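One-based numbering along the sequence shown. Predicted, not measured: the structure shown is a model, and the values here were computed from it.
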Amino acid sequence: MKFVKTILAASLVAMATPSFAADITGAGSTFIFPVLSKWADSYKKDTGNGVNYQSIGSGAGIKQIQANTVTFGATDAPLKSDQLQKDGLAQWPMIMGAIVPVVNIDGVKAGDLVLDGPTLASIFLGKITKWDDAAIKKLNPNAKLPSEAISVVHRADGSGTTFNFTDYLSKVSPDWKSKVGSGTAVEWPVGVGAKGNEGVAGNIAQAKNSIGYVEYAYAKQNKLTYTALINKAGKTVQPTNEAFQAAASNADWTNAPGYYLILTDQPGDKSWPIVASTFILLHKDATDKAASKEALKFFKFAFEKGAKSAEDLDYIPMPDSVVKQIEKTWSADVKS
């Protein structure tokens with residue numbers, strides 16, 4: 001719980017801190033917040049310039065950049081080319097990471113419980129309601145699972161983590177696709193809502209027999225019990241940097257208009273099935289060009305000097321070839 005409280009405090013400080021001339025403001029994705037806060041600390045020490053970021057969810061971040069109330073937005077649900085054009089926004093992927101199911105079941109340790117996509121979808125649909133359900137026992141024949149009701153926790157806010165999680169469920173479960181579908185906010189059939197990755201992590205830590213989904217850094221830092229998953233190739237995989245990299249290696253950013261690319265349910269024996277990216281949104285012709293220019297300096301700094309801190313939190317840095325492509329996008333699209 002210490003990490004959750006730290007993040008919430010940092011987010012509140014970011015919202016309360018007054019902006020100075022050299023400071024830039026951003027809002028959105030809670031998925032990126034752990035690594036972005038590390039980058040911001042390093043950037044402040046290196047340049048003296050601050051980055052005030054509100055970890056409020058991708059949906060709110062999109063609304064704030066559209067309303068021009070922040071310098072940049074961050075979203076795990078990328079905008080399509082026509083929307084970018086309509087809003088006058090440039091978009092690029094900043095970091096990749098993984099989403100993991102997390103549980104709180106007595107006697108079950110991290111990585112012990114194995115789930116597949118259809119079973120996970122059935123839990124979140126409310127079709128599987130107890131931990132000793134036959135479908136779960138079939139995947140875990142040697143596990144001692146309680147005959148207790150499953151408490152489902154999901155995001156209550158507009159969320160890119162939800163977008164990617166429900167995109168995955170839609171790909172692996174026709175039932176989920178037809179009844180719920182994918183989006184930053186969906187009509188959840190069951191469960192309780194929590195705000196941000198922080199809120200879901202906090203709820204799971206407190207509630208016995210619960211299940212939710214969070215960005216991996218939150219699971220790791222809060223010592224939450226993540227599950228293993230069976231991937232598209234039918235292999236059981238653990239959430240490891242190798243598994244995240246295996247899925248990310250399929251990303252073809254060069255042929256993605258506006259960098260619109262979803263990385264869920266990728267092929268490969270070693271691929272983790274729920275990998276996602278956080279995208280930055282910046283006005284092409286910003287009202288405050290000084291702030292826009294400073295934002296690009298910050299993101300260039302993060303690309304050049306932030307890979308180690310990203311990897312320490314089990315994010316996947318963008319490949320050098322993609323970074324060069326992104327920097328060309330800045331030169332071509334952003335007036336500063």
Side-chain angles (χ1 to χ4, degrees), residues 1-4 7 30-35 76 96-124 128 131 135-136 139-140 142-146 150-155 159-162 164-169 172 191 194 196-232 235-248 263-266 270-276 310-316:
M1 286 302 294
K2 182 180 178 183
F3 183 70
V4 173
I7 287 176
T30 65
F31 183 99
I32 199 176
F33 184 76
V35 69
D76 317 318
M96 294 178 282
I99 297 164
V100 294
V102 286
V103 299
N104 183 344
I105 308 168
D106 284 341
V108 175
K109 298 176 183 176
D112 282 356
L113 189 71
V114 178
L115 296 173
D116 61 13
T119 303
L120 191 62
S122 291
I123 292 171
F124 278 82
I128 292 177
W131 282 114
I136 301 176
L139 294 168
N140 301 273
N142 299 317
K144 292 182 179 179
L145 295 167
I150 299 173
S151 174
V152 172
V153 182
H154 54 74
R155 289 286 289 273
S159 157
T161 306
T162 292
N164 285 280
F165 184 70
T166 56
D167 179 84
Y168 169 67
L169 294 184
V172 297
N197 273 284
E198 306 96 330
V200 174
N203 270 28
I204 296 297
Q206 293 175 352
K208 292 293 183 187
N209 300 308
S210 58
I211 185 170
Y213 58 95
V214 295
E215 195 278 320
Y216 182 67
Y218 290 84
K220 185 177 182 181
Q221 294 293 335
N222 288 283
K223 296 181 172 58
L224 298 179
T225 301
Y226 54 77
T227 75
L229 287 174
I230 296 175
N231 65 15
K232 190 171 186 173
K235 306 293 185 182
T236 300
V237 286
Q238 296 286 343
T240 64
N241 195 263
E242 182 187 20
F244 306 157
Q245 291 276 6
L263 292 173
T264 57
D265 203 32
Q266 292 295 311
K270 295 181 179 179
S271 292
W272 182 254
I274 323 178
V275 165
E311 289 171 344
D312 287 346
L313 288 167
D314 292 281
Y315 290 90
I316 308 155

Write down the atom of [X], the atom of [Y], and the distance for their closest heavy-atom approach.
{"X": "Ala248", "Y": "Ile316", "answer": "CB-CD1, 4.0 Å"}
{"X": "Ala194", "Y": "Asn203", "answer": "CB-ND2, 4.0 Å"}
{"X": "Leu169", "Y": "Gly117", "answer": "CD2-O, 4.3 Å"}
{"X": "Gly97", "Y": "Tyr315", "answer": "CA-CD2, 4.3 Å"}
{"X": "Val214", "Y": "Ala201", "answer": "CG1-N, 3.9 Å"}

Where the side chain of [X] meets the backbone of [Y], is there a donor-acceptor pair that is under 3.5 Å apart?
{"X": "Asn104", "Y": "Ala207", "result": "yes"}
{"X": "Asn140", "Y": "Ala143", "result": "no"}
{"X": "Asp112", "Y": "Val108", "result": "no"}
{"X": "Asn209", "Y": "Ser151", "result": "no"}
{"X": "Trp131", "Y": "Ile136", "result": "no"}
{"X": "Asn164", "Y": "Asp76", "result": "yes"}
{"X": "Ser159", "Y": "Arg155", "result": "no"}
{"X": "Thr119", "Y": "Leu115", "result": "no"}

Name all residues meeting the salt bridge (charged side-chain N to carboxylate O under 4.0 Å, His left out) criterion together with [X]; count only those two or more places apart in sequence or in a different chain, and write none if there are none.
{"X": "Asp312", "value": "Lys308"}
{"X": "Lys208", "value": "Asp106"}
{"X": "Asp167", "value": "Lys171"}
{"X": "Asp314", "value": "Lys220"}

I'd like to know whether Thr227 forms a side chain to side chain contact (heavy atoms under 4.5 Å, CB included) with Val103, so could you lay out the CA-CA distance, the side-chain angles of the two residues, the decisive distance to 0.1 Å, and finally the verdict. CA-CA 7 Å; Thr227 75; Val103 299; 3.9 Å; yes
Do Ile105 and Thr225 pass the side chain to side chain contact (heavy atoms under 4.5 Å, CB included) test, and can you show the C-alpha distance, the side-chain angles, and the key distance before you say yes or no? CA-CA 8 Å; Ile105 308 168; Thr225 301; over 6 Å; no
Just so I know, are the side chains of [X] and [Y] near enough to count as touching, which here means a heavy-atom distance under 4.5 Å?
{"X": "Pro101", "Y": "Leu120", "answer": "yes"}
{"X": "Leu229", "Y": "Asp116", "answer": "no"}
{"X": "Ile150", "Y": "Ile128", "answer": "yes"}
{"X": "Ile99", "Y": "Trp272", "answer": "no"}
{"X": "Val275", "Y": "Gln266", "answer": "no"}

Side-chain atoms of residues 237-244: list all donor-acceptor pairs with protein atoms under 3.5 Å, sequence neighbours left out, distances to 0.1 Å.
unit_1, atom_1, unit_2, atom_2, d
Gln238, NE2, Gly111, O, 2.9
Thr240, OG1, Ala243, N, 3.1
Glu242, OE2, Lys270, NZ, 3.3

Assess the side chains of Asn197 and Thr161: does a donor N or O sit below 3.5 Å from an acceptor N or O? yes
Please test Ile211 against Val153 for side chain to side chain contact (heavy atoms under 4.5 Å, CB included), starting from the C-alpha separation and ending with a verdict. CA-CA 6 Å; Ile211 185 170; Val153 182; over 6 Å; no
Dump the intermediate steps for side chain to side chain contact (heavy atoms under 4.5 Å, CB included) on Tyr216 and Leu313, then the final yes or no. CA-CA 8 Å; Tyr216 182 67; Leu313 288 167; over 6 Å; no
Measure the spacing between [atom1] of [X] and [atom2] of [Y] and express it to the nearest 0.5 Å.
{"X": "His154", "Y": "Thr166", "atom1": "NE2", "atom2": "OG1", "answer": "12.0 Å"}
{"X": "Glu311", "Y": "Gln245", "atom1": "CD", "atom2": "CD", "answer": "7.0 Å"}
{"X": "Ile230", "Y": "Lys232", "atom1": "CD1", "atom2": "NZ", "answer": "15.5 Å"}

Sorted by chain and residue number, the ring-ring contact (aromatic ring centres under 6.0 Å, His included) partners of Phe165 (sequence neighbours excluded) come out as Phe124, Tyr213
